[in-house]
Each structure stands twice: as C-alpha cells, then as structure tokens.
Amino acid sequence: MKKITPKDSFIAKTETDEFLVILFKTSKNKIASFIMDLFAHFYEPFIVNEKSIIITLNIGISLYPQDGTNDEELLTKAIVALGKAKKEGENTFFVFEENLEKDVRNHISLKEQLAKILKERGFLLFAQPYFLTTNKEISGAEILLRISHNGNIESIANVIEFLETSGLILKVEDYLFEEIKKFVKNVRIPLSINISSKSLASPDILSKLRELREYFDYPFICEITERLFMEKSAIEKVNKIKELDIKIAIDDFGTGYSSLSYIENLPVDIIKIDISFIKRMLNEPRVLAIVQTIIDLAKKLNIKTIAEGVENEDEFRILRLLMCDYVQGYYLSKPAPIESLINLK
Ligand code: C2E
Ligand code: CA
Ligand code: CA
C-alpha cells in the first residue's frame, strides 16, 4: 500500500485487518485511480513463505469538506461507507453519500444509547461455567456481558463489533474490571475474561490487568480470539500478560487462519475449540477428525482444551472419548448472573 499511495499521504493501521489512508489535496479522479490501483494489486496473490495467499478488500470513502470538517466526522462516515461496501461482498468500495446520513445518525445514536446504558450500569455480568469432562466437576467460569435494556436482558453479541469500532469497548471493559473486583473474593473458581482486540492493543491494558491480578488469589484467564494471534505485536503483548501470572486461552480456535503446526509457538495455556466444530462433528467425519487432531496436538503441547457450545449428551460423550479436558455449553450450564458463582465449590 505504501508503494502505491501518493507520497504525501498518511497510512495508519486502525484494526487487526483495517487501514486508514488519508489523501491530501486530491481530486475525485485521483481517488478513482488510487482505488483501481489498490484493487489491481490485491487481485494478485501475495507470496508468503512460498505459499500463495489471496486477500480481498473493501474500501469505504469519505470526502473533505463535503462529508465533514473534522477527523471524527470524516472517520465515522468512512466507517459507515465501509460497512456498506462489506455488505456488498468481497472487493467492493463505497463512497459516502448524502443518503447515508441516516446510517450515520443511527451510528451516533447507538453510541449514545450504549454510553447511556453503561452509565446507568445496564451492562450485567453473567457467567458460564465449564466442567471437567471426566467427572463433570465445575472447573472455572467465563464472564459474558449482557445488556439490560427496556426490561429485556440481551447478549452483547449484536453490538460487540460496534462497541469495538466505536472504541466504547474500552469503557465497557473498565466497568467490567471494576465489577469483578467487587465479588472476586467470594468466588473460588478460576474466571475467564474476554479481551477485545481494541483492549489488547491499548497501551494501558497491561497496567489494568496487573492491577486486576492483585485482587485474585489465583490466576485468572484472558480469552483472546485466534484471529489476533496473527499479529506479532499482539503475541508480544500476550507474552507480557503471561508474565503477570495470568493464563491465556485462544478463543474460537479453528475459525482463524492459523495452521495447527504453529500453535506450538504461541504462548497459550488453553485452546477453546470453536462452537462451529462442535456443532458439526457428529454429522461430519472430517470435522470430527479435526477436533480429534486439535485435542491430540494440544495434549502433546501441554495445552488444555475446552469444547465450546456443547449442547447435548451425544456431543459430550464424543468429547469424553476424545479426551477433551473441559466442556462448556448449554448441556451442562447456560450463562447465568454472576451471583450464581458466589460461594460455589
Ligand atoms: P464467545 O467468547 O465465543 O462466547 C461464547 C458464546 O456462546 C456466548 O455468547 C455464549 O452464551 C454462547 N454459548 C455458550 N454455550 C452455548 C451453547 O451450548 N450453544 C450455543 N448456541 N451458544 C452457546 P454471548 O454471551 O452472546 O457472547 C457472544 C460474544 O460476545 C462472545 O463470544 C464474546 O466474543 C463477546 N463477549 C461477551 N462478553 C464479552 C466481554 O465481556 N468482553 C468482550 N470483549 N467480549 C465479550
Ligand atoms: Ca470467549
Ligand atoms: Ca468462543
């Protein structure tokens, strides 16, 4: 990208898989040729370690001064345009248009709404235990946030991406940490906390985790999605987290692009086999083979395995046969308010 962007442009990396390019003193024609150029370069596969990798891209564009006169406005509109492009499929671009104003307003109002819910302590801590496969003994619990809104309790799954792109997730996680500190002394099983890519990238995550660690009498676990382990800088961060005597779990294992052989080099204690494999393994022998391979390899590397989303006895029994260490899912326990963990065990 650096090679083909005009000299006086600005390139930044904003997310694991997202870049921001600012073209100064440009014109519509120059923008068009830049986009064509970008697509042309990405149509060719990239060769990495003799493997050919195809990368698709989406582009969202906003223009100064029509679409905004400050950075925040321009970025919001580029993000909204990017969202539109992504909906249209791979290798698409979208220029912000007047009629997207509505989306921008929705974006802003959702942000305000969520900020208000946060302020009113409407984010609730739920927890879902996981169990030893051999005897169904409770071994730990993952904290999952819920949103209390208009009398309903909802998952944050629908807004998690929004929380991340808007940066609000950092405030949500600050709140989460404060809440955890309140009851941690009454919980006697290891707790897992989901760490978003934004928090992992934030400069003060280490000091926040160090402080949280001091409240615990035993290590807790940070769950980090597999996708993030693609980043060298993230792996360095994870190594520093481990130095704080905090354990690391790879979340959603199998959904990223990692090859099995490389988990050997990752600083992880636990692999969480993604729910999509557990769902399909009974009907698809190839998926079962993958699950078995993950478990066997993890064992050899001294990494524990947790199967996510175990919903029934059949799945449970297969996982016991395969000697998966722990199971988590509706079969043994749904997520419940965190209070249910207090004084357990
Ligand atoms: P995740 O970390 O992969 O969490 C597992 C999700 O699977 C949870 O959804 C859980 O309720 C659901 N689940 C558990 N057992 C079963 C089962 O047997 N069947 C099915 N179908 N689903 C099951 P939930 O709570 O809606 O959370 C969704 C995602 O939101 C999480 O995925 C995580 O990525 C994110 N999330 C939740 N809480 C937090 C948080 O505190 N911080 C951050 N950064 N992300 C969070
Ligand atoms: Ca998780
Ligand atoms: Ca997961």
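Order of appearance sets the numbers: ligands from 1, and atoms from 1 within every ligand. In this chain, numbering begins with 1 at the start of the sequence shown.
Here the closest heavy-atom approach between residue Leu200 and residue Ile195 is recorded as N-CG2, 4.0 Å. Nearest heavy-atom pair across Val310 and Phe316 is CG1-N, 3.9 Å. The heavy-atom pair separating Leu244 from Leu206 by the smallest distance is CD1-O, 3.8 Å.
Of the candidates Ile59, Val21, Thr26, Val21 is the only one forming a side-chain contact (heavy atoms from CB on, under 4.5 Å) with Phe34. Of the residues listed (Glu173, Glu178, Glu179), the one engaging Tyr175 in a side-chain contact (heavy atoms from CB on, under 4.5 Å) is Glu179, and it is the only one.
In this structure, Glu164 has no heavy atom closer than 4.0 Å to ligand 1. Note on ligand 1: Lys334 sits outside its first shell, no heavy atom being nearer than 4.0 Å. Between Lys272 and ligand 1 there is no heavy-atom distance shorter than 4.0 Å.
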Verdict with supporting geometry, Lys3 and His41, side chain to side chain contact (heavy atoms under 4.5 Å, CB included): CA-CA 10 Å; Lys3 238 191 265 167; His41 279 80; over 6 Å; no
Begin with the C-alpha distance, continue with both residues' side-chain angles, and end with the deciding distance and a verdict on side-chain hydrogen bond (donor to acceptor under 3.5 Å, both in side chains) for Ser202 and Asp204. CA-CA 6 Å; Ser202 83; Asp204 47 1; 3.2 Å; yes
Asp252/Arg227 under salt bridge (charged side-chain N to carboxylate O under 4.0 Å, His left out): CA gap, chis, key distance, verdict: CA-CA 9 Å; Asp252 307 334; Arg227 207 164 44 86; over 6 Å; no
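A donor-acceptor pair is defined here as one N or O able to donate and one able to accept, closer than 3.5 Å; no such pair exists between the side chain of Ser199 and the backbone of Ser197. Here the side chain of Thr92 pairs a donor or acceptor atom with the backbone of Ala85 at under 3.5 angstrom. The closest donor-acceptor contact from the side chain of Asn312 to the backbone of Glu315 lies under 3.5 Å. Between the side chain of Glu308 and the backbone N or O of Ile275 there is at least one donor-acceptor pair closer than 3.5 Å.
Looking at Gln328 against ligand 1, nothing comes within 4.0 Å, counting heavy atoms. Residue contacts with ligand 1, taken as heavy atom pairs separated by less than 4.0 Å, involve Asp251 solely via side-chain atoms from C-beta onward. When heavy-atom distances to ligand 1 are checked against a 4.0 Å cut-off, Thr225 has no atom that comes that close, whether in backbone or side chain. Contacts between Pro335 and ligand 1, counted as non-hydrogen atom pairs separated by less than 4.0 Å, involve the side chain only. With a 4.0 Å cut-off on non-hydrogen atoms, Ile193 does not touch ligand 1 at all.
Closest protein heavy atom to atom 16 (C) of ligand 1: Tyr330 CE2, 3.2 Å. If you check which protein heavy atom lies closest to atom 34 (O) of ligand 1, you get Asn194 OD1, 4.8 Å. Of the protein's non-hydrogen atoms, Ile275 CD1, 5.0 Å is the one closest to atom 7 (O) of ligand 1. With hydrogens left out, the protein atom closest to atom 25 (O) of ligand 1 is Arg146 NH1, 2.8 Å, a heavy atom. When only non-hydrogen protein atoms are considered, atom 38 (N) of ligand 1 lies nearest to Leu145 N, 3.1 Å.
Atoms of ligand 1 found under 4.0 Å from any heavy atom of Glu308, numbered from 1 in the order shown, are 3 (O). Within ligand 1, counting atoms from 1 as listed, the ones closer than 4.0 Å to a heavy atom of Glu311 are 17 (C), 18 (O), 19 (N), 20 (C), 21 (N). Atoms of ligand 1 lying under 4.0 Å from any heavy atom of Asp252, numbered from 1 in the order shown and given with element: 3 (O). If you number the atoms of ligand 1 from 1 as listed, the ones under 4.0 Å from a heavy atom of Leu144 come out as 4 (O), 8 (C), 10 (C), 11 (O), 25 (O), 37 (C), 38 (N). Every atom of ligand 1 is numbered from 1 in the order shown, and the set under 4.0 Å from a heavy atom of Gln128 is 14 (C), 15 (N). Within ligand 1, the atoms closer than 4.0 Å to a non-hydrogen atom of Glu142 are 2 (O), 4 (O), numbered from 1 in the order shown.
Around the Ca ion (ligand 2), protein N, O or S atoms at a distance under 3.0 Å total 4; waters are neither shown nor counted.
Considering each of Ala307, Ser333, Ser155, Gly309, the one bringing a non-hydrogen atom nearest atom 26 (O) of ligand 1 is Ser155.
No more than 12 heavy atoms of other residues, nucleotides or ligands shown are found within 6.0 angstrom of CG on Asn302. The neighbour count for Arg213 CZ, taken as heavy atoms of other residues, nucleotides or ligands under 6.0 Å away, is above 12.
To the nearest 0.5 Å, atom CD1 of residue Ile147 and atom CG of residue Leu124 are 9.0 Å apart.
For atom 44 (N) of ligand 1, the nearest protein heavy atom lies closer than 4.0 Å. Distance check for atom 21 (N) of ligand 1: a protein heavy atom is found below 4.0 Å. For atom 14 (C) of ligand 1, a protein heavy-atom neighbour is present inside the 4.0 Å cut-off. Put simply, atom 29 (C) of ligand 1 has no protein non-hydrogen atoms near it, under 4.0 Å away. Protein heavy atoms are absent from the space less than 4.0 angstrom from atom 32 (O) of ligand 1. Not a single protein heavy atom sits closer than 4.0 Å to atom 5 (C) of ligand 1.
Among residues at least two apart or in separate chains, salt bridge (Lys or Arg N to Asp or Glu O under 4.0 Å) pairs with a member in residues 139-164 are Glu142-Lys272.
With hydrophobic clusters built from ILVMFWY side chains whose heavy atoms lie under 4.5 angstrom apart, Ile338 shares a cluster with Tyr218.
Ring geometry, Phe39 versus Phe93: the interplanar angle falls from 30° to 60°, so the pair is classed tilted.
Geometrically, Lys136 does not engage Tyr331 in a cation-pi contact defined by less than 6.0 Å to the ring centre and at most 45° from the axis.
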